Amino acid sequence: METPIHHLVIPDTQAKAGVPTNHLEWIGRYIVDKKPDVIIHLGDHWDMPSLSGYDRGKMKFEGRRYKIDIDSGNAAFDLLNEPIRQYNKRHLTKYNPRKVFLMGNHEHRIETILQDNPFLDGQISFADYDTQDWEVYPYQKVIFIDGVGYVHCYVNNMTGRPLSSRAVLRLDKLGHSFTQGHQQILDYGLKFVRGESQHGLIAGACYIHDEEYKGYQGNAHWRGIIVKHDVKNGSYNPMFVDLDYLCKRYEGMSLEDFKDKKLIRPETPFGDWGVQ
Ligand SMILES: [Fe+2]
């Protein structure tokens with residue numbers, strides 16, 4: 001029997017100053033517990049609000065700094081990696097999974113800014129993202145792993161804008177299993193083709209905080225990671241693991257209780273979060 005291959009997918013973690021990062025440690029610990037063969041981060045980990053074109057000139061843009069964005073993203077990414085590092089320090093048999101990071105549009109903001117402001121060349125760079133020993137792929141590049149196409153987001157070939165169609169419709173169009181982040185939803189579609197399963201998966205939220213721009217209703221969505229058991233030629237058995245489950249597993253309380261007891265609630269649902 002072939003050795004089964006397991007993937008673990010981490011959707012957009014949107015790390016920035018002032019928001020909780022506890023879930024990155026939970027995911028790191030879960031990775032060590034489950035030891036998947038491949039870990040795929042779907043991108044938009046470095047949120048980079050200081051490079052946001054949408055917010056420039058608005059009141060909320062005040063005080064944003066490139067260095068703060070880089071440092072807070074790097075620190076949060078390190079939390080994810082720390083449990084693997086600690087495990088390998090304590091065990092003779094090392095755990096060295098393949099680790100893949102797919103750049104999202106938020107990381108890509110550096111390239112967008114440089115195109116418009118070439119005088120910043122040498123001042124800001126993708127090299128500022130401390131991606132440690134992960135394989136890193138550019139924004140919009142599709143990477144196939146065990147028959148699944150992974151990318152931060154699929155785009156319209158004519159406009160370059162991210163697609164927003166449902167997973168099952170995109171599965172029809174692409175004709176192969178795919179997984180993407182970017183959209184803050186969990187949308188999953190399944191098809192059987194010639195006796196093999198094909199899976200369309202869109203999952204773009206893996207963070208605790210609420211995003212101001214999404215408003216009251218937009219922040220009510222699924223947040224978590226996905227484990228894929230027995231991945232072969234694009235077929236697999238999906239397991240959805242939400243942040244509430246991870247919180248109960250590693251903090252002994254629900255995510256709502258954790259927010260109440262361990263985090264400083266913002267005055268409005270959309271303010272900044274702080275960790276007590
Ligand atoms: Fe994105």
Side-chain angles (χ1 to χ4, degrees), residues 8-17 19 21 23-24 27 39-56 60-61 64 66 69-70 72-74 76-77 80 99-116 124 126 128-129 131 134-143 148-167 169-170 174 178-188 200-215 217-226 243 270:
L8 186 144
V9 179
I10 308 171
D12 314 30
T13 36
Q14 309 283 169
K16 56 188 169 185
V19 300
T21 49
H23 55 301
L24 287 151
I27 296 166
I39 303 163
I40 303 104
H41 193 306
L42 297 177
D44 279 0
H45 170 79
W46 281 265
D47 191 79
M48 303 307 290
S50 67
L51 303 185
S52 167
Y54 302 105
D55 294 346
R56 198 162 304 139
K60 61 184 173 185
F61 198 84
R64 294 186 183 181
Y66 176 80
D69 291 350
I70 292 290
S72 45
N74 287 349
F77 199 68
L80 176 67
K99 292 175 284 190
V100 174
F101 186 88
L102 307 173
M103 280 210 196
N105 52 304
H106 283 249
E107 282 91 12
H108 192 71
R109 283 174 175 173
I110 285 185
E111 178 63 23
T112 309
I113 293 281
L114 282 174
Q115 287 298 325
D116 293 342
I124 65 173
F126 285 141
D128 294 333
Y129 300 135
T131 47
W134 291 56
E135 296 168 37
V136 180
Y137 294 94
Y139 177 50
Q140 293 186 10
K141 185 168 176 60
V142 181
I143 303 299
V148 182
Y150 285 99
V151 67
H152 177 68
C153 60
Y154 282 94
V155 297
N156 181 312
N157 291 336
M158 304 303 286
T159 65
R161 306 276 307 166
L163 294 176
S164 57
S165 52
R166 298 297 305 268
L169 298 177
R170 208 169 304 169
L174 293 170
F178 74 91
T179 297
Q180 77 149 72
H182 186 69
Q183 293 170 258
Q184 280 96 20
I185 54 173
L186 174 64
D187 188 13
Y188 171 71
L201 177 60
I202 304 171
C206 187
Y207 48 83
I208 296 173
H209 66 277
D210 290 334
E211 290 283 11
E212 184 181 8
Y213 76 93
K214 293 185 71 67
Q217 295 178 20
N219 280 297
H221 55 75
W222 188 87
R223 299 144 187 261
I225 58 175
I226 302 97
L243 292 186
F270 317 124

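Computed from a prediction, not measured in an experiment: that's the story for all the values here. Note that these values count all heavy atoms, side chains included, but never hydrogens, waters or copies made by symmetry. In listed order, ligands and their atoms are each counted from 1.
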- Residues passing the ring-ring contact (aromatic ring centres under 6.0 Å, His included) test with His182, sequence neighbours excluded, are His152
- So which N/O/S atom does His182 have closest to the Fe ion (ligand 1)? ND1
- Row for the Fe ion (ligand 1): angle NE2 (His152) to OD1 (Asn105), 10° precision, value 90°
- Are any side-chain N or O atoms of Asp44 and backbone N or O atoms of His106, one a donor and one an acceptor, separated by less than 3.5 Å? yes
- Message: We want to know whether Tyr66 and Asp128 form a side-chain donor-acceptor pair, criterion being a heavy-atom distance below 3.5 angstrom.
- Response: yes
- Item | Arg109 side-chain N/O to Asp47 backbone N/O, donor-acceptor pair under 3.5 Å | yes
- Task: Could you tell me which N, O or S atom of Asp44 is nearest to the Fe ion (ligand 1)?
- Result: OD2
